[in-house]
Amino acid sequence: MNPQVHGIFDPATWTVSYIVHHGPGTACAIIDSVLDYDPKSGRTRTTSADKVVAYVQENQLRVEWILETHAHADHITAAPYLKQKLGGKVAIGHQITAVQKVFKGVFNLEPEFKQDGSQFDALLKDDEEFTIGDLRAKVLAVPGHTPACVAYQVGDAVFVGDTLFMPDVGSARCDFPGGDAKTLYASTRKLLSLPAQTRLFMCHDYPPNSRPVAYETTVAEQRAKNIHVHDGISEAQFVQMRTQRDATLDMPVLILPAVQINIRAGAMPPKDDNGIAYLKIPINGV
């Protein structure tokens with residue numbers, strides 16, 4: 001069976017959240033949800049997540065899974081809010097433990113912070129299969145952007161996370177802790193070895209030249225037109241391009257709050273004695 005896919009674009013973070021199902025009244029999975037966050041005030045809102053809730057309810061869908069492709073650095077997950085409103089199990093790739101270990105040190109998190117992925121309901125391994133109602137799904141490990149990146153294959157649709165972008169945008173950066181351009185190249189070839197007609201759904205779109213936002217393409221289109229990894233681009237060429245390009249990029253606006261929250265499956269840090277939870281900002285300089 002091939003799924004129906006509904007994408008919801010969040011313009012503040014250029015993120016696409018997906019609801020994957022087999023028609024009204026069936027089971028569904030939510031992939032890469034967004035919690036609105038204002039970095040100036042520290043306030044959160046659920047405007048984007050409520051669009052997901054509305055679609056699920058309007059179509060009488062049953063949420064079985066709330067899936068993350070990785071611990072995002074550019075937006076905060078709405079997984080806890082959606083689980084509370086709609087149910088479902090929150091899942092991510094099992095290598096999230098490696099990401100947790102790195103960032104526990106980076107942010108000097110509380111001693112009680114667990115680095116075993118237990119904040120999530122399920123940790124999924126490469127090639128692991130699971131179901132979304134009558135739909136069969138499979139996990140594809142695609143590290144390189146982060147060690148924990150996975151894609152989700154559901155019928156003829158693959159949700160690639162940050163591994164690939166639309167053909168005129170290219171590929172993900174590899175300069176975060178644990179990222180590696182050579183590893184990402186292998187992950188892109190893994191995805192592009194799938195059948196040519198396979199539908200690929202992006203986690204983000206950053207449209208150049210004022211083109212309309214788009215987030216669905218195919219393996220054939222990526223192999224022919226992707227500016228970073230089209231057929232004929234060697235590993236050495238990709239690594240050189242990616243390394244040079246990453247050196248010019250600014251950090252994502254929300255990386256400090258997003259990583260601290262997303263490695264906790266969307267939970268906020270423990271509250272201090274005054275009843276308020278705080279995020280940390282490392283000072284890198286004199």
side-chain hydrogen bond (donor to acceptor under 3.5 Å, both in side chains): pairs with one or both residues in residues 95-106, sequence neighbours excluded:
Gln100-Gln119
Using the rule that Ile, Leu, Val, Met, Phe, Trp and Tyr join whenever any side-chain heavy atoms are under 4.5 Å apart, tell me whether Leu67 and Phe120 fall into a single cluster.
no
Summary of side-chain hydrogen bond (donor to acceptor under 3.5 Å, both in side chains) pairs that have at least one residue in residues 142-153, sequence neighbours excluded:
His145-Asp162
Spell out, as yes or no, whether a donor-acceptor pair under 3.5 Å connects the side chain of Arg245 to the backbone of Gln240.
no
Contacts of Glu221 meeting side-chain contact (heavy atoms from CB on, under 4.5 Å) (sequence neighbours excluded), chain-then-number -> Pro167, Thr217, Thr218, Lys225
Side chain to side chain donor-acceptor pair (under 3.5 Å) against Arg45, all qualifying residues, sequence neighbours excluded
none
Would you kindly confirm whether Leu35 and Ile30 end up in one hydrophobic cluster when ILVMFWY residues are joined by side chain heavy atoms under 4.5 Å apart?
no
List the atom pairs, donor and acceptor, that lie under 3.5 Å between side-chain atoms in residues 132-139 and the rest of the protein, sequence neighbours left out.
unit_1: Arg136; atom_1: NH2; unit_2: Glu129; atom_2: OE1; d: 3.1

Any side-chain heavy-atom pair of Thr77 and Val34 under 4.5 Å:
no
Sequence neighbours left out, what pairs pass side-chain hydrogen bond (donor to acceptor under 3.5 Å, both in side chains) with at least one residue falling in residues 52-65?
His21-Tyr55
Under the ring pair (Phe, Tyr, Trp, His ring centres under 6.0 Å) test, which residues partner Phe113, sequence neighbours left out?
none
Check whether any side-chain heavy atom of Leu123 lies under 4.5 Å from a side-chain heavy atom of Ile96, and answer yes or no.
yes
Sorted by chain and residue number, the side-chain contact (heavy atoms from CB on, under 4.5 Å) partners of Val106 (sequence neighbours excluded) come out as Val102, Phe103
Tell me which pairs pass side-chain hydrogen bond (donor to acceptor under 3.5 Å, both in side chains) where either residue lies in residues 164-182, with sequence neighbours left out.
Asp168-Arg211, Ser171-His228, Ser171-Arg242, Arg173-Asp175, Asp180-Thr183
Across all chains, not counting sequence neighbours, the side-chain contact (heavy atoms from CB on, under 4.5 Å) partners of Thr248 are none
Can you list the residues that meet the ring pair (Phe, Tyr, Trp, His ring centres under 6.0 Å) rule with Tyr37, with sequence neighbours excluded?
none
So which pairs with a foot in residues 268-282 pass salt bridge (charged side-chain N to carboxylate O under 4.0 Å, His left out), sequence neighbours left out?
none
